[in-house]
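What follows is a single structure, written as structure tokens, with notes after it.
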Amino acid sequence: MSQLQIKPVTDTWINATWEEYLQVTEDLAYEKAKCYYYNGRMRIEMAALGNPHSRNHYIVIVGMALFASVKEIDIDGHDNCTYRKTGYTEIQPDISFYFGDKAEIIPWDATIISLDNFPPPNLVIEVAYSSLADDKGEKRLLYESIGVREYWIIDAQNAQIIAFMIENQGSRRIEQSQVLSGLEISLLEEALRRSRQMNHGKVTSWILSEFQKK
């Protein structure tokens, strides 16, 4: 526990037991931090999110909601939600979704979604501004291990989406969503680029018109 005796190192993975991890996350100093636990290690993210992160975050949520509405797909969206498999892992992805027959499976009043009792989300998304290397590396392994269907990384600096389909605890790059059939990743990337030049109302109108064409 040497790395945790005074103050845990943030924005990097450090060795910790599950009990040590819970002790840190219960500290009010980390109330607004994003916390992860996987394979006997923990990561506390304290970096300021900032304007690029928040704008990309918003556009992706709106885009997914519009696509589901146009295609009449049941959807349950979660913003910075905590998922926990007791003693094994905890994740706090930026964005996560359940679709179809899973869209009403999570109770409204669940403060922490238990992966002991409920399935993992169909899609998990991390918005990366300064954490891209970790999102492509350790976090991808984490999401492979818990069995999400798809994992996307939003590269906020370059307006790019790195999307992976996960199966058999492995992953491969995709250009079209498998959990939302017909959704082209490139269309959402274009929406991210447009959001740098125009307000969200205009970008949302463009996204909706593109979805209605298909």
Can you confirm if the aromatic rings of Phe99 and Phe97 lie within a centre distance of less than 6.0 Å? yes
Stepwise, does the side chain to side chain contact (heavy atoms under 4.5 Å, CB included) test hold for Ile95 with Trp152? CA-CA 10 Å; Ile95 310 166; Trp152 296 7; over 6 Å; no
Aromatic plane relationship, Tyr151 with Phe164 - under 30° parallel, 30 to 60° tilted, over 60° perpendicular: parallel
Kindly say whether Gln92 contributes a backbone atom to a donor-acceptor pair with the side chain of Asn80 at under 3.5 angstrom? no
Tell me if a side-chain donor or acceptor on Asn199 pairs with a main-chain N or O of Gly201 at a distance below 3.5 Å. yes
More than 12 heavy atoms of other residues, nucleotides or ligands under 6.0 Å from NZ of Lys71: yes or no? yes
For the backbone of Leu123 and the side chain of Glu150, can you confirm whether one donor and one acceptor N or O come within less than 3.5 Å of each other? no
Enter the distance from Leu180:CG to Arg149:CZ here, rounded to the nearest 0.5 Å. 10.0 Å
Identify, with sequence neighbours excluded, every residue that meets ring-ring contact (aromatic ring centres under 6.0 Å, His included) alongside Tyr83. none
Measure from the side-chain N and O atoms of Asp135 to the backbone N and O of Ile153, and report whether any donor-acceptor pair falls under 3.5 Å. no
Inter-residue atom distance Thr82.OG1 - Lys34.NZ, 0.5 Å rounding: 10.0 Å
Determine, step by step, whether Ile113 and Cys81 satisfy the side chain to side chain contact (heavy atoms under 4.5 Å, CB included) criterion, reporting the C-alpha distance in whole Å, the side-chain angles of both residues, the deciding distance to 0.1 Å, and the verdict. CA-CA 8 Å; Ile113 297 177; Cys81 184; 3.6 Å; yes
Please answer whether the main-chain N or O of Pro119 pairs with a side-chain N or O of Tyr98 as donor and acceptor at a distance below 3.5 Å. yes
Checking the side chain of His57 only, and the main-chain atoms of Val127 only, is there a donor and an acceptor separated by less than 3.5 Å? no
Could you list the residues that satisfy salt bridge (charged side-chain N to carboxylate O under 4.0 Å, His left out) with Glu90, not counting sequence neighbours? Arg84
Return the orientation label for the Tyr37 and Tyr21 ring planes: parallel under 30°, perpendicular over 60°, tilted otherwise. tilted
Taking Gln197 for the side chain and Ser195 for the main chain, is one N or O donor matched with an acceptor at less than 3.5 Å? no
Lys102 atom NZ, over 12 foreign heavy atoms within 6.0 Å: yes
Near Gln157 CD, under 6.0 Å, is it more than 12 heavy atoms from other residues, nucleotides or ligands? yes
Electrostatic pair Arg41-Glu138, nearest N-O below 4.0 angstrom: yes
Keeping Asp76 on the side-chain end and Ile106 on the backbone end, is there a donor-acceptor pair under 3.5 Å? no
Atom CD in Glu189, atom CD1 in Ile154: separation rounded to 0.5 Å? 8.0 Å
Does CD in Glu175 sit with more than 12 non-hydrogen atoms of other residues, nucleotides or ligands closer than 6.0 Å? no
